[in-house]
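One structure is given here, and the rest of the page talks about it.
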Amino acid sequence: MDYGTFSGLYTLFLLLIFIGIIGWAFSKRRKQAFDEAAHLIFSDEPARQVGEAPADPAQGSIPAGGDKP
């Protein structure tokens, strides 16, 4: 087996792995698991209504004057 044949087979192997990963990532069977993982960052935050002030004053908005004393 010469270098050209080995290089071609290696490229084909990597291409098949890439296509497999793409198929796995866009599979309809994995959608629910990926959606749950995407929303994990928000799971510890309490739900707030639109326009409601934050419960912690440290998370409040910046005053109208900005950072100026």
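Residue numbers count from 1 along this sequence.
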Treat each ILVMFWY residue as a node, draw an edge where side-chain heavy atoms are under 4.5 Å apart, and state whether [X] and [Y] are in one component.
{"X": "I19", "Y": "L9", "value": "no"}
{"X": "F34", "Y": "I41", "value": "no"}
{"X": "F18", "Y": "W24", "value": "no"}

Checking T11 side chain against S7 main chain: does a donor-acceptor pair fall under 3.5 Å?
yes
Roughly how far, to the nearest 0.5 Å, is the CG atom of L12 from the CD1 atom of I17?
10.0 Å
Side-chain touch D2/F6, heavy atoms, less than 4.5 angstrom
no
